[in-house]
Number of protein chains: 2
Amino acid sequence: MNLSKTSQYAIRVISFMAYDNRQIYPASVLVKKLKISDKYLKRLLTTLSKHGIVRSIQGRYGGFVLDKKPENIFIYDIVAAVENIEKYYGCILGFSECSDENPCPLHEKWAPIRDELINLLKNTSIADVVKNPKIMKF
Amino acid sequence: MNLSKTSQYAIRVISFMAYDNRQIYPASVLVKKLKISDKYLKRLLTTLSKHGIVRSIQGRYGGFVLDKKPENIFIYDIVAAVENIEKYYGCILGFSECSDENPCPLHEKWAPIRDELINLLKNTSIADVVKNPKIMKF
DNA sequence: TTCATATACTACATTATTGTGGTATTTGAT
DNA sequence: ATCAAATACCACAATAATGTAGTATATGAA
Ligand code: SF4
Ligand code: SF4
């Protein structure tokens with residue numbers, strides 16, 4: 001019951017960068033600050049840049065910058081950028097024959113929870129996440 | 001955002017057996033009906049029997065029987081038997097420094113969803129799941 | 001133009017999850 | 001007691017997710 005580790009990494013990086021979204025952070029700094037595997041994080045950053053969540057600046061004195069204001073970056077977009085978001089819409093039991101149209105008794109209770117979670121992801125911005133000083137003690 | 005495949009398999013098997021919880025099903029029948037990998041399902045059934053969810057009967061004419069009435073077998077127990085249930089109590093963002101005591105703005109919204117899901121798993125019995133004929137068209 | 005330092009890319013390594021094979025052991029009808 | 005048919009067990013295979021290594025390419029300050 002959690003986002004993939006990759007999604008969590010992505011959220012952490014973006015959260016960190018949200019502190020000062022004008023500053024250019026080279027990957028090396030982010031790796032050191034967040035203690036995430038060097039190459040894995042770099043690859044992740046490239047992915048995020050291709051999805052327009054960060055902007056990459058190549059060459060010397062380059063790095064990564066947030067491409068939008070933290071208020072406009074939603075967790076849902078980050079997750080959708082790095083993993084298959086469809087997964088979050090499926091049946092919790094893994095059945096395929098049924099859906100909203102053919103609900104089991106569980107569905108009535110599951111669907112609202114699922115929808116709440118998706119809405120949470122869609123409505124929560126990085127600015128919201130960053131409000132907690134505890135989290136940001138990297 | 002789903003239970004592990006193993007959990008889903010387990011729920012399917014138990015659901016199938018719930019139809020006639022007096023009948024002894026040899027693993028071979030369950031494999032054929034549910035189209036789940038032979039050895040993997042057998043191993044899973046052994047695990048479930050060790051957790052008191054099914055009872056195994058060895059030897060010729062043996063097989064597996066539900067150890068309780070479907071009304072008394074809860075999804076939560078099945079999941080807890082086959083995967084690490086702790087996973088479902090953690091932070092969705094994967095942070096560790098904080099918790100209910102040091103909530104971020106997201107936590108206020110996440111915790112209730114998490115709790116609802118856990119309650120759903122705890123309160124939903126196999127009898128509930130099996131009420132939907134669509135699901136049971138194996 | 002050079003060059004230090006950054007990202008981009010590709011291939012491989014490790015780990016966790018899921019799936020398979022072969023054999024030992026159990027059991028009750030005969 | 002025998003034996004067909006079932007579970008239990010152990011070791012390995014395939015796949016997916018995560019982590020690592022090395023090289024190519026880009027860029028701007030000097
Ligand atoms: S009806 Fe039940 S089994 Fe089907 S998708 Fe909904 S929760 Fe899953
Ligand atoms: S406060 Fe936020 S980051 Fe911390 S456990 Fe709760 S949801 Fe996760």
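Lettering follows sequence order; numbering is per chain, from 1.
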Enquirer: Check whether any side-chain N or O of B:N123 sits under 3.5 Å from a backbone N or O of B:N119 as a donor-acceptor pair, and report yes or no.
Expert: yes
Enquirer: Between D:dA11 atom P and B:Y40 atom OH, what is the distance in whole Å?
Expert: 18 Å
Enquirer: For a quick check under 3.5 Å, do A:T6 and A:Y40 share a side-chain donor-acceptor pair by atom type?
Expert: yes
Enquirer: Round to the nearest Å and state the distance from B:K42 atom NZ to D:dA5 atom P.
Expert: 13 Å
Enquirer: Rounded to whole angstroms, how far apart are CG on B:D38 and C1' on D:dA14?
Expert: 17 Å
Enquirer: Rounded to whole angstrom units, what separation is found between the CD1 atom of B:I24 and the C1' atom of D:dT7?
Expert: 13 Å
Enquirer: D:dA8, OP1 or OP2 - any side-chain N/O from B:K39 closer than 4.0 Å?
Expert: no
Enquirer: Rounded to the nearest Å, what distance is computed from the CG atom of residue A:N84 to the P atom of nucleotide D:dA16?
Expert: 13 Å
Enquirer: Provide the start and end nucleotides, 5' to 3', of the part of DNA chain C that has atoms under 4.0 Å from heavy atoms of chain B.
Expert: C:dT18 to C:dA29
Enquirer: Please state how far atom NZ in B:K50 lies from atom C1' in D:dT7, giving the value in whole angstrom units.
Expert: 11 Å
Enquirer: Under 4.0 Å from OP1 or OP2 of D:dT18: is there any side-chain N or O of A:T6 that close?
Expert: yes
Enquirer: Can you name the closest pair of heavy atoms from A:V65 and A:R22 and give their distance?
Expert: CG1-O, 4.2 Å
Enquirer: Please tell me whether A:I24 and A:V31 are part of a single hydrophobic cluster in this structure, the criterion being side-chain heavy atoms less than 4.5 Å apart.
Expert: no
Enquirer: Could you identify which residues of residues 54-65 of chain B place a heavy atom less than 4.0 Å from some atom of DNA chain C, listed by residue number, or say none?
Expert: B:Q58, B:G59, B:R60, B:Y61
Enquirer: For residues B:A10 and B:V82, report the shortest heavy-atom separation together with the two atoms involved.
Expert: CB-CG1, 4.4 Å
Enquirer: B:V54 and B:L45: which non-hydrogen atoms are nearest, and at how many Å?
Expert: CG2-O, 3.8 Å
